Amino acid sequence: MPELIEIEYYRRLAEGALGRVIDEVDAPDAWFLKRGLTARIVTDALLGRQFVGARRIGKLLLMDMDDEAVLGLRFGMTGRLVLDDCAGVDDLQYASRRREAAWDRFTVHFDDGGDLRINDARRLGGVELDPDEARLGVDAAGITPSQLTAALDHSTAPLKARLMDQHRVAGLGNLLVDEVLWRAGLDPARAAGSLAPAERKRLHRHLRRTVDDLLADGGSHLGRLQVARVRGGRCPKDGAELLRRTVGGRTTYSCPVHQH
DNA sequence: CTCGACTCCTGTTAGC
DNA sequence: TGCTAACAGGAGTCGA
């Protein structure tokens with residue numbers, strides 16, 4: 001599913017939409033428009049204008065307009081960004097590989113005949129105007145050791161829950177967090193505030209490295225733990241049967257032998 | 001403020 | 001073969 005990694009690919013794809021004049025907007029799905037947005041309002045905001053910037057904070061893609069307005073795009077679990085019929089990501093975990101036209105939830109047409117689309121079977125994504133960027137925590141791709149410490153300290157919530165809390169650290173989803181904690185040898189269920197300085201340092205190093213690795217490799221589903229992330233799966237490091245449980249409300253796989 | 005429980009969405013798959 | 005139920009996870013809301 002799209003996590004920080006996939007949204008970054010979408011952002012790069014969306015740069016191909018910059019400087020093109022918008023001459024039509026298709027917003028057929030009212031559910032997909034968030035926070036009071038309507039087809040009329042978003043059409044009025046976009047028509048005749050251009051995108052001048054493509055930014056990303058966590059899993060939120062931000063398209064800057066030439067009049068200072070910002071279009072916020074979210075992709076939920078199965079959302080794809082498609083520019084001029086080219087998909088930003090081909091293989092999306094848990095999403096169908098098909099691309100039905102009926103799943104096009106939001107389309108921006110340009111006067112050169114091309115278009116930018118969100119195709120989302122499950123409708124867990126959405127579109128909003130001028131999203132509140134301050135609600136999101138620091139982006140996981142560039143997080144510093146002290147920022148990570150601030151996000152974890154004094155919390156009794158499970159480490160995994162805290163890392164997935166987008167208000168504190170933005171961009172990490174279920175697969176990425178399982179991969180990072182597996183690499184760092186840390187138990188997802190441990191209290192976030194219980195990490196010793198050396199463990200926090202280890203977590204930071206693995207977090208940054210995992211994001212870098214998966215950005216280079218091509219997706220958040222290409223981690224080393226992912227292949228074993230099935231019932232009865234075994235730890236790729238030491239062969240132990242992985243523990244499957246719910247942590248922070250999400251299905252969690254971890255190794256009972258090397259994650260403490 | 002913090003944190004867990006619940007809810008929403010629907011294509012895919014496991015199981016009978 | 002054909003059906004049903006469980007499953008996947010991002011994000012918002014609610015209540016203790």
Side-chain angles (χ1 to χ4, degrees), chain A residues 1-8 10 27-37 56-62 72-81 89-106 118-128 131-137 139-140 150-181 188-194 214 219-221 223 225-233 242 244-254:
Chain A
M1 88 278 350
E3 300 188 34
L4 171 162
I5 311 282
E6 281 73 22
I7 311 303
E8 175 58 23
Y10 292 169
D29 187 350
W31 160 264
F32 215 72
L33 304 177
K34 305 300 182 184
R35 298 204 324 162
L37 193 63
R56 178 189 65 77
I57 304 177
K59 304 172 196 170
L60 176 64
L61 180 60
L62 298 156
L73 307 178
R74 293 182 189 280
F75 299 88
M77 187 176 165
T78 55
R80 294 166 196 276
L81 191 68
V89 170
D90 293 327
D91 190 8
L92 210 51
Q93 194 79 8
Y94 303 126
S96 171
R97 218 161 283 196
R98 289 185 291 139
R99 256 212 41 234
E100 303 283 338
W103 299 340
D104 285 341
R105 310 298 178 186
F106 186 78
I118 298 183
N119 184 267
D120 183 5
R122 298 271 298 276
R123 300 168 81 212
L124 284 165
V127 173
E128 63 183 306
D132 182 1
E133 300 178 27
R135 289 194 59 185
L136 288 168
D139 190 81
L152 302 179
D153 260 6
H154 311 301
S155 172
T156 57
L159 179 55
K160 173 169 180 174
R162 202 71 170 190
L163 289 172
M164 284 204 305
D165 183 345
Q166 303 298 304
H167 307 297
R168 303 189 180 276
V169 178
L172 302 180
N174 203 31
L175 300 188
L176 215 35
V177 168
D178 273 10
E179 175 77 20
V180 168
L181 295 177
R190 258 183 76 175
S194 74
L214 295 186
S220 53
H221 61 291
L225 175 66
Q226 183 59 29
V227 289
R229 229 176 149 284
V230 293
R231 285 172 203 264
L242 294 175
R244 180 189 190 269
R245 58 195 158 147
T246 300
V247 179
R250 291 291 158 233
T251 301
T252 301
Y253 286 86
S254 62

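These numbers come from the heavy atoms of this one structure, side chains and all, not from hydrogens, waters or symmetry mates. Bear in mind that the values here come from a model prediction, so they are computed numbers and not experimental data. Per chain, numbering begins at 1; letters A, B, ... match sequence-line order.
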Spell out, as yes or no, whether a donor-acceptor pair under 3.5 Å connects the side chain of E128(A) to the backbone of K34(A).
-> no
Within this structure, what is the CZ-to-C1' distance between R168(A) and dC3(B), rounded to whole angstrom?
-> 10 Å
So, the side chain of N174(A) versus the backbone of T251(A): is there a donor-acceptor pair under 3.5 Å, distance only?
-> yes
Find the distance L33(A):CG to dA11(C):P and express it as a whole number of Å.
-> 17 Å
Partners of R244(A) by salt bridge (Lys or Arg N to Asp or Glu O under 4.0 Å), sequence neighbours excluded?
-> none
Between A121(A) and R162(A), name the one whose nearest nucleotide on DNA chain B is closer to the 5' end.
-> R162(A)
Please give, in whole Å, the distance from dG10(C) P to M77(A) CE?
-> 7 Å
For dC3(B), take OP1 and OP2 only and decide whether either is under 4.0 Å from a side-chain N or O of T156(A).
-> yes
Given dC8(B), is OP1 or OP2 found less than 4.0 Å from the side-chain N or O atoms of R122(A)?
-> no
Using a 4.0 Å heavy-atom cut-off across all strands, classify R123(A) as base, sugar-phosphate, or nothing.
-> sugar-phosphate
Have a look at R35(A) and say if it touches a base, only the backbone sugar-phosphate, or nothing, with a 4.0 Å heavy-atom cut-off.
-> nothing
Whole angstrom value for the distance that separates P of dG12(C) from CE of M164(A) | 14 Å
Looking only at heavy atoms, the pair that brings D120(A) and F75(A) closest together is OD2-O, 4.1 Å
Given that E128(A) and R244(A) both sit by DNA chain C, which one's nearest nucleotide is further toward the 5' end?
-> R244(A)
Can you check whether R250(A) has a side-chain N or O nearer than 4.0 Å to OP1 or OP2 of dA8(C)?
-> no
d(CG, D132(A); P, dG12(C)) in whole Å | 10 Å
Distance check: side-chain N/O of W103(A) vs OP1/OP2 of dG11(B), anything under 4.0 Å?
-> yes
Does OP1 or OP2 of dC7(C) have a side-chain N or O of R231(A) closer than 4.0 Å?
-> yes
Counting side-chain heavy atoms from C-beta on, which of dC9(B), dG4(B), dG10(C) comes nearest to W31(A)?
-> dC9(B)
So which nucleotide from dA8(C), dG12(C), dG10(C) ends up closest to the side chain of K59(A)?
-> dG10(C)
With rounding to the nearest 0.5 Å, note down the distance linking CG in L225(A) to CG in D178(A).
-> 6.0 Å
Establish, with yes or no, whether the OP1 or OP2 oxygen of dC3(B) is under 4.0 angstrom from a side-chain nitrogen or oxygen of S155(A).
-> yes
Euclidean distance, atom CG of residue L61(A) to atom P of dA11(C) [Å, nearest integer] | 13 Å
Which is true for R105(A) with a 4.0 Å heavy-atom rule: it touches a base, it touches only sugar-phosphate, or it touches nothing?
-> nothing
Roughly how many Å is it from CZ in F75(A) to P in dA11(C), rounded to a whole number?
-> 11 Å
Identify the two heavy atoms, one from S194(A) and one from A191(A), that lie closest to each other, and give their separation to 0.1 Å.
-> OG-O, 2.7 Å
Please report, rounded to the nearest Å, how far the C1' atom of dC3(B) is from the CG atom of D165(A).
-> 10 Å
